[in-house]
Each structure stands twice: as structure tokens, then as C-alpha cells.
Amino acid sequence: MKIEKFELERLLSQYENTVKYNLTESGIHPFTLEELLSEEEIKKLVSLRMGYGQANGSIELREAVSRLYSGADLDNVLVTNGTAEANFINIWCNLDPGDELILMVPNYMQMWGIARSLGIAVKLFHLREELDWGPDLEELKNLITPQTKMIAVCNPNNPTGAVLSEEAMKEIARLAQKANAWLYADEVYRGAELDGKETSSFYGLYDKAIVCCGLSKAYALPGLRLGWLVGPKKAIKECWAGHDYTAISSALLSNHVAALVLQPEQRMKVLKRNRQIVVENLAALQDWVTKHNKLFSFIPPRAGAIAFLKYNMKINSTELSTKLREEKSVFITPGDCFGMDRYLRIGIGSEKEYLLAGLDLFDEVLAEIS
Ligand SMILES: Cc1ncc(COP(=O)(O)O)c(C=O)c1O
């Protein structure tokens, strides 16, 4: 089997924990468990017996997840090891070699790589900058054939931070329904909207809609490696059979913490703290871009802790990222990881001083090359 390199993750995995300023992170400054839990909850946590736990996710957690999706109950939910496992299982269990997957781009290219390694044809439809990173729905419509078995989107989007309008969501669902194809939405940035207005889920828009989410981004808890799939019961049952092979179960400790985090009051607290960080940092980044307005421009993200900057310099994005990393120990994601040279993705979820210190060092490199 030929597995193409997952450019983004291969690059990040090598350097993200060794640089001084990691601005590739697309999530938010992570919580410690001490910040999150009461003494009593911590006491309970350390007294848990480390068995396997319920393989498709603890009842408490699946109930808490299902409450986030109108019309769902715990049998509509499969708990996974991060959203990454959810994405893997979705492609693996729902598509066959020779099928066509139509994928929104730019995107986190995990599903692209998995599908291609399994002999699934991947066709791309684009978010267009001239549409404020809105979808080219005409392009999507024209790509659909009788072999199209899934349309997959990332909403809110990585790397642009764009959010689909309700009309666009309905149109995508209508097109999927007309093609009798699965509609799959990676919604891992849901809950990290800068204006506090939570993005609608694709779940329930159509009876073949499956969505994923997790605690890595909006909830600032990537270390728990906790995600989930929500979809029609039959499909979720089949995905669970896939999960028997990929992982058996997710971590018992993570299930326990996640169920606490998703209790309505705690969830709101967590999302509010995270939103504050991103809103403040976006303002700081905007000031920095204004200072460099001959070199950079961007459409501000509506959700997520990332900004996708277009630049006006004659240097390739990977070269620029490498130079900054090697000379200043500041790490930013090159647009090349999304097939888009002359763009950079900058994480805005860190502590503000950390972001500003990284940008100051970027200034030194810019002074030299521009
Ligand atoms: C769109 C998208 N989906 C999935 C993932 C993987 O997330 P997790 O850490 O929950 O596995 C990422 C990580 O950056 C992402 O950006």
C-alpha cells in the first residue's frame, strides 16, 4: 500500500516540541487538569480503576456528547482517540476502493491521504478567497458523478477559519442527498467561534450526515486524545466495528475528564476562557499585519485559533518557515502544507506574550528578506 506523506503532521511532529516559539498550533493554550477540575473531581480521577472502560465510549460521555446534537442519543455516538481516529474510521468504514470522495479544500489533508492510500479517488472543491473563503458550490455540483459516495467538509475550516453560511450548508446537504452520498463534516473547531455564536452542526441536516468533533481545539485539551463521531445509528455501529481494529477503546481517564468538561456549565466556562484568548490574540495579530500591510493581508478567521495570511514576498512558504525556525526558533506553518504557497498559517491560541515574542522575532527575519 502506498501511503503519501501527511505533509502538515510530518512537519509539525518533528519540530513543534523543540522550538522556542511554536506558532503552528491550531488549538488554544491547553488546560492543566488542576485548572479544570475541583479537588474532589481530581480525587475521584486518581481512584479510578484502570480497566478498559466501555469500548465505544462511557455512557456518561456519550450522553454528554449526544446532548450537543439535536435529535441524537447515546447510540448515535462513537468515542474515538482524537478526531484523527474519527476521520480515519469514517473513510475506512464508509468508502470502498473505486469510490469517489469530494473534499473541500483548503483542508486538514488527513482524509485526502487516507482515502488515496485505499484506492479511493479524491476530487477537490474549493473555498475561494474572493468569496471571503466561501465555497464554490458550482464547482462542487459539477464534480458529482454516480461514483461519488461521500462529500466531506471541514467546518469551521482549517486553515482559513471560515464558517459556512446556513444557506451553503443546506445546499451542500441537498447535493449530497441528490447523489445519495454520505455527507461528512469535520467539526473539530466548532465552539471556537470568535463572536461566540456556535456554528450549526451538519448532523441532522440529512439522514446520511456524519460529523466528528473532539476536545483538541475549542476545548484546549488535545492531550486527552479524545474525539467522537455522531451519525445514524447503523453507520455508527459499523464504525464501532472498525474501532475494534484501530484502538479497541479510548482512554478511560480521558472519557472520565471529557464527561466532566462537557457538562453544560463547565463547557461554557471552558469555551469562554478559550474565546477570550483567541479574541485578544487576533487583535494583536491584526495590529502586526497592519504594521506590515505591504507584505501581508488576510481575511480574519471567524472561528478556530488560526489565521491564514497571504504574503507578498518572493520566497517559498516552506523556505520562509524553515528560515524562521532555524534562525529564530519560531515555527509557523507554510502554506505548502495545504498546497497553497505564498500563504502562512499562524496559530493565535497561545498566551499573548508568547505570540508577540514570536512575531517580534519574525520581524527580524522580515527586515532581512523584504
Ligand atoms: C480539521 C482537523 N481535524 C482533525 C484534527 C486532528 O485532531 P485531534 O487532535 O482531535 O486528533 C485536526 C488537527 O489539527 C484538524 O485540524
Side-chain angles (χ1 to χ4, degrees), residues 6-13 15-17 22-31 57 61 65 77-92 101 103-115 127 133 152-164 184-193 199 201-202 210-230 243 246-247 250-251 254-255 257-258 261-262 270 274 278 301-308 331-335 337-340 345-350:
F6 189 172
E7 298 287 351
L8 173 72
E9 289 300 346
R10 197 78 308 274
L11 183 68
L12 266 50
S13 300
Y15 305 110
E16 65 191 345
N17 289 312
N22 176 25
L23 303 185
T24 63
E25 178 53 57
S26 63
I28 299 160
H29 186 56
F31 281 103
L61 177 54
V65 170
V77 180
L78 172 68
V79 176
T80 57
N81 288 269
T83 319
E85 193 201 355
N87 283 340
F88 182 88
I89 289 180
N90 165 57
I91 298 289
W92 198 41
L101 161 70
L103 182 71
M104 168 196 276
V105 286
N107 205 329
Y108 184 67
M109 297 305 270
Q110 184 197 4
M111 284 191 274
W112 178 87
I114 296 167
L127 298 179
W133 295 121
V153 302
C154 176
N155 189 50
N157 177 255
N158 176 8
T160 62
V163 175
L164 292 168
Y184 184 75
D186 180 335
E187 300 180 343
V188 73
Y189 293 93
R190 196 170 165 235
E193 295 76 11
T199 306
S201 174
F202 271 93
I210 304 177
V211 304
C212 73
C213 193
L215 297 186
S216 301
K217 309 298 176 187
Y219 298 88
L221 290 163
L224 293 181
R225 306 306 305 126
L226 200 291
W228 56 82
L229 279 167
V230 181
H243 178 68
T246 52
S250 50
S254 299
N255 272 243
V257 177
V261 169
L262 292 182
V270 164
N274 293 344
V278 182
R302 293 195 38 220
I306 38 183
F308 202 46
F331 193 23
I332 52 178
T333 311
C337 289
F338 303 97
M340 294 176 75
R345 190 190 75 178
I346 297 192
I348 54 169
S350 60

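Order of appearance sets the numbers: ligands from 1, and atoms from 1 within every ligand.
Side-chain contact, Glu25 with Ser350: no donor N or O sits under 3.5 Å from an acceptor N or O. Remark: the Tyr184 side chain and the Asn87 side chain contain an N/O donor-acceptor pair separated by less than 3.5 Å. A donor-acceptor contact closer than 3.5 angstrom links the side chains of Tyr189 and Ser26. Under the 3.5 Å distance criterion, with hydrogens and angles disregarded, no donor-acceptor pair is assigned to the side chains of Glu187 and Thr199.
Looking at Pro222 and Lys217, their side chains never come closer than 4.5 Å, going by heavy atoms from C-beta outward. Using a 4.5 Å heavy-atom threshold, the side chains of Thr80 and Thr246 count as separate.
Close approach to Arg225 involves these atoms of ligand 1, each under 4.0 Å from a residue heavy atom: 8 (P), 9 (O), 11 (O). Residue contact check: Tyr189 has heavy atoms under 4.0 Å from atoms 1 (C), 14 (O), 15 (C), 16 (O) of ligand 1. Numbered from 1 in the order shown, with element, the atoms of ligand 1 that lie under 4.0 Å from a heavy atom of Ser26 read 14 (O). The contact set between ligand 1 and Gly82, taken as ligand atoms under 4.0 Å from a residue heavy atom, comprises 10 (O), 11 (O). Within ligand 1, counting atoms from 1 as listed, the ones closer than 4.0 Å to a heavy atom of Cys154 are 1 (C). Atoms of ligand 1 found under 4.0 Å from any heavy atom of Ala84 (numbered from 1 in listed order, with element): 6 (C), 8 (P), 11 (O). Residue Asn87 approaches ligand 1 through these ligand atoms, each under 4.0 Å from one of its heavy atoms: 3 (N), 4 (C).
When only non-hydrogen protein atoms are considered, atom 5 (C) of ligand 1 lies nearest to Tyr108 CE2, 3.4 Å. Looking only at heavy atoms of the protein, atom 14 (O) of ligand 1 is closest to Lys217 NZ, 2.8 Å.
Among Asp186, Leu8, Asn158, Ile306, the residue whose heavy atom lies nearest to atom 2 (C) of ligand 1 is Asp186.
With rounding to the nearest 0.5 Å, the separation of OG1 in Thr333 from CD1 in Ile306 is 9.0 Å.
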